[in-house]
Amino acid sequence: MKVHADLCLIPLGVGVSVGTYIAECQRVLDEAGLEYRLHAYGTNIEGDWDRVMAAVKRCHERVHAMGALRISTSLKLGTRTDRAQSLQDKIDSVQRKLNGNNKQETV
């Protein structure tokens, strides 16, 4: 099953800047061959359910290995069975609406 995920991983007790830890998680997603997009407060990921969940686990393992004793993660998941849809499809749909194409479509 394909899933869209919004991952927000926060290492605790490592200081104010967490960019090094987030960069390591991005490397994990890249190594997993998943489609992903970093945004200001997390990362959107798309792919097979088991591959995405395995990558989230590896993110935790790698960030712990970097010295973070605690991690708080928010994970939002979305699946659909009526049709295939990428993260870019969802963005493009909203962009078309912003550009004046108000045709009703499912996002």
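Since we're looking at a predicted model, the values are computed, not measured. Position 1 is the first residue of the sequence, and the numbers go up from there.
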| request: Answer yes or no: is there a donor N or O on one side and an acceptor on the other, between the side chain of His4 and the main chain of Gln85, under 3.5 Å? | output: yes
| query | Between Arg51 (side chain) and Ala32 (backbone), is there a donor-acceptor pair under 3.5 Å? | reply | yes
| said: Could you tell me if the side chain of Ser93 sits less than 4.5 Å from the side chain of Lys90, heavy atoms only? | reply: no
| note | For Leu34 and Gly47 the tightest heavy-atom approach is CD2-CA, 4.1 Å
| message | As an exercise, state the distance from NZ of Lys2 to OG1 of Thr79, rounded to the nearest 0.5 Å. | response | 12.0 Å
| query | How about His60 and Leu9: do any of their side-chain heavy atoms sit closer than 4.5 Å? | reply | yes
| Closest contact, heavy atoms only, Val52 versus Glu46 | CG2-C, 4.2 Å
| field | Met53 CE to Leu77 CG distance, which is reported to the nearest 0.5 Å | value | 4.5 Å
| message | Quick check on Arg37: does its CZ atom have over 12 non-hydrogen neighbours (other residues, nucleotides or ligands) under 6.0 Å away? | response | yes
| message | Applying a strict under-4.5 Å side-chain criterion to I, L, V, M, F, W and Y, I'd like to know whether Val63 and Leu38 cluster together. | response | yes
| Spatial distance of atom CD (Glu35) from atom CG (Asn44) [nearest 0.5 Å] | 12.0 Å
Name every donor-acceptor pair, under 3.5 Å, that has one atom in a side chain of residues 18-29 and the other anywhere in the protein, sequence neighbours excluded.
{"unit_1": "Glu24", "atom_1": "OE1", "unit_2": "Arg27", "atom_2": "NH1", "d": "2.9"}
{"unit_1": "Glu24", "atom_1": "OE2", "unit_2": "Arg62", "atom_2": "NE", "d": "2.8"}
{"unit_1": "Glu24", "atom_1": "OE2", "unit_2": "Arg62", "atom_2": "NH2", "d": "2.8"}
{"unit_1": "Gln26", "atom_1": "NE2", "unit_2": "Thr43", "atom_2": "OG1", "d": "2.8"}

| For the side chain of Asp89 and the backbone of Ser86, is there at least one donor-acceptor N/O pair under 3.5 Å apart? | yes
| field | Shared-cluster residues of Leu12, by chain and number - hydrophobic side chains joined below 4.5 Å | value | Ile10
| request: Using a 4.5 Å cut-off on heavy atoms from C-beta on, say whether the side chain of Tyr36 contacts that of Leu87. | output: no
| How long is the gap from NZ on Lys57 to OG1 on Thr73, to the nearest 0.5 Å? | 14.0 Å
